[in-house]
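Worksheet for the structure shown next.
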Number of protein chains: 2
Amino acid sequence: MTQHLDALQNKFEAALLNYAGSLPDNSLHQPIRYILALGGKRIRPALVLLSGKAFGAAEGQLIRTALAVEIFHNFSLVHDDIMDKAPLRRGKATVHEKWDSNAAILSGDAMLIEAYKQLSLCGHDHLKAILDLFNTTSLQVCEGQQLDMDFESRTNVSVSEYIEMIRLKTAVLLGCSLKMGALLGNASEDDCKHIYNFGKLCGIAFQIQDDYLDAFGNPQDFGKQVGGDILSNKKTYLIIKALELASADVQAELESIYFQNTISDGDKKVSRVLKLFRELKIDEITKDESLRYFQLAKAEIDNTSLNDSQKEGFLEFLEMLQGRRK
Amino acid sequence: MTQHLDALQNKFEAALLNYAGSLPDNSLHQPIRYILALGGKRIRPALVLLSGKAFGAAEGQLIRTALAVEIFHNFSLVHDDIMDKAPLRRGKATVHEKWDSNAAILSGDAMLIEAYKQLSLCGHDHLKAILDLFNTTSLQVCEGQQLDMDFESRTNVSVSEYIEMIRLKTAVLLGCSLKMGALLGNASEDDCKHIYNFGKLCGIAFQIQDDYLDAFGNPQDFGKQVGGDILSNKKTYLIIKALELASADVQAELESIYFQNTISDGDKKVSRVLKLFRELKIDEITKDESLRYFQLAKAEIDNTSLNDSQKEGFLEFLEMLQGRRK
């Protein structure tokens, strides 16, 4: 049923390949070609196309705008990977590992400019609105990354602060992608708002679900080590919610196990944390919270002026996100 | 006689102060406020204003565009300082020293976006042209920085490659600043071209002169240690030209002294290199080359449709650059 989105992803992949091939073959652009060729699901550009087609936008403008969003997303990955000292991205060496930090900083900068270059080709009528949306969103993504880094050195992060961080770091770019398509299709202000909120709420729901699956997912479906977040002391929805709900005693125990590694054996740490999470019903609460955001997202689509057949692609996207890893 | 430019610099400084004060007081924006408050001559924004006023552009749009150019310039300083591991900028700690590299990367990214945000306010009629010019120029600045870094590990840089590097890294942004003002004043295509070339040629002339003064300037006027480039093995117009002109023997001697530090005493290294430079007449050649570019720049102003009184500010700027440090 997600063939619709698949088709858009494939169409975009061809355009991206074409774009990457057109870049100069010099030391500034080689890392850009490399990161763009590493793959990825191309979700954001597919959302630009999905929304643009639903609202009847011209394909050429959609492809340019989709390219801008994907180039920007990859720019943020290149710079975030330096900041996070990540050695791998999609199973391959990150740019700063394969080249060095300087190459990753500078090529990332060039990618951000390349994104604007593509945006500037979206047509005179829409340029200002598209630019305003992109400026706001890309600054929010920076704010989200900053919050994420700030959280690392804080012990008292609240659930609402965490949601705000994932809204900025991840969710707004999904909303932006969808709204760009809608703007290019001259959608009404109301439709633009609903379609943006749909993307944003899907993004929040997805991220909470991702936190859930990292701890409680089926290892075979999840595709990465279950408990990885717990092993790396990562601040997730689960631990933040658990610390909020726990009694003072359990709170102290959780904090010492989770952040101070008082249980040195990794497997034992994971199972002890999971047991405490289950006792606090964090598994159910988190699942419910993710579902709640998915339902809020669905309601936004219901509120658009699109007909049922136009709504289909958006609902397929939601189902794909929700059902991807049980 | 440079009061005209001074007045524009002062006017801009007030607008910049106002802008910096309007930024949120959070960990993403604190480094931005810091670097913008470090001072600087505000040459580029003054050029936007100078050119815009000569061609009759609206002041509000000029100030926004001038802000964009100055924010972009400071973005490039923040990221270049990380890449160059520079501890100081204008006598104060660089952003990555005062905070850390991550803060410098991310705040720099936000500045680049902030520059676009200001540009997007330059008015519907000029937006596409201003954006195209800025995209082209900012990518060239990245290419220039990449070339500069590439040169560090190369021994065979030619004079024309060096000129190309300083054109990209420094000169095009001066041309861009002037052309932006001209575009906002609806200058003719011809005038835009001449005014851009004027800035670009001034930039090249200035950089060659800077290389000259570092070796042959009067320490009291120059304001930094004479011979600093020689001490730090920096590839400058002087050494590249000298290696090009020298006989095989002198070439080998220069290379070993300049790049392999075979004379460990700094003062002795500087005086030996200066002696070899003088024997090859590098001092005269470099001075002449800088003058040649300044004259080419002046000819571009002569070729515009501006009247004498309108030309005055541009010529004052050229004289200020040329005469600043004898």
Side-chain angles (χ1 to χ4, degrees), chain A residues 24 26-31 72 75-76 78-80 82-85 96 100-125 127-150 152 168, chain B residues 24 26-31 72 75-76 78-80 82-85 96 100-125 127-150 152 168:
Chain A
N26 58 29
S27 43
L28 181 64
H29 289 87
Q30 277 147 9
F72 171 79
F75 140 79
S76 74
V78 170
H79 277 193
D80 286 4
I82 310 173
M83 296 183 230
D84 301 341
K85 298 188 174 50
H96 65 96
D100 54 34
S101 284
N102 285 0
I105 292 171
L106 197 59
S107 299
D109 292 345
M111 289 176 85
L112 181 50
I113 299 164
E114 280 286 339
Y116 278 101
K117 214 167 134 184
Q118 294 303 318
L119 279 192
S120 74
L121 299 167
C122 79
H124 192 257
D125 290 350
L127 184 54
K128 178 72 166 73
I130 290 280
L131 209 52
D132 285 348
L133 175 58
F134 187 75
N135 287 334
T136 302
T137 305
S138 52
L139 270 175
Q140 287 175 322
V141 172
C142 290
E143 281 166 31
Q145 170 68 4
Q146 182 70 53
L147 277 183
D148 200 10
M149 294 196 300
D150 290 349
E152 277 174 35
L168 294 167
Chain B
N26 58 29
S27 43
L28 181 63
H29 289 87
Q30 276 147 10
F72 171 79
F75 140 79
S76 75
V78 170
H79 278 193
D80 286 5
I82 311 173
M83 296 182 230
D84 301 341
K85 298 189 173 48
H96 66 96
D100 54 34
S101 284
N102 286 359
I105 293 171
L106 197 61
S107 299
D109 292 345
M111 290 175 85
L112 180 49
I113 299 165
E114 280 287 339
Y116 278 101
K117 213 168 134 184
Q118 294 304 317
L119 279 192
S120 74
L121 300 166
C122 79
H124 192 258
D125 290 349
L127 183 55
K128 178 71 166 73
I130 290 279
L131 209 52
D132 285 348
L133 174 59
F134 187 74
N135 287 333
T136 302
T137 306
S138 52
L139 271 175
Q140 287 174 322
V141 173
C142 291
E143 281 166 32
Q145 170 68 4
Q146 181 70 54
L147 276 183
D148 199 10
M149 294 196 300
D150 291 348
E152 277 175 35
L168 293 167

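Take B:Glu114 and apply the salt bridge (Lys or Arg N to Asp or Glu O under 4.0 Å) test, not counting sequence neighbours, and it matches B:Lys117. Judged as a salt bridge (Lys or Arg N to Asp or Glu O under 4.0 Å), and not counting sequence neighbours, the contacts of A:Lys128 are A:Asp132.
The contact between A:Leu112 and chain B is made entirely by side chain atoms (from C-beta outward), counting heavy-atom distances below 4.5 Å. Heavy atoms of A:Phe75 lying under 4.5 Å from chain B belong exclusively to its side chain.
Most heavy-atom pairs under 4.5 Å with chain B, from the set A:Glu143, A:Met83, A:Met149: that is A:Met83. Ranked by non-hydrogen atom pairs under 4.5 Å with chain B, the options A:Asn102, A:Asp80, A:Leu121 are led by A:Asn102. Of all the listed residues (B:Ile82, B:Leu131, B:Leu106), the one sharing the greatest number of non-hydrogen pairs under 4.5 Å with chain A is B:Leu106.
Among all heavy-atom pairs drawn from A:Ile113 and B:Leu139, the shortest one is CG2-CG, 3.6 Å.
Taking the six-membered ring where tryptophan is involved, the planes of A:Tyr116 and B:Tyr116 are essentially parallel, since the angle between them stays under 30° and well short of 60°.
Rounding to the nearest 0.5 Å places CG of A:Leu28 at 10.0 Å from CD of B:Gln145.
The residue from B:Cys142, B:Ser138, B:Ser76 that alone fulfils the side chain to side chain contact (heavy atoms under 4.5 Å, CB included) condition with A:Asp109 is B:Cys142.
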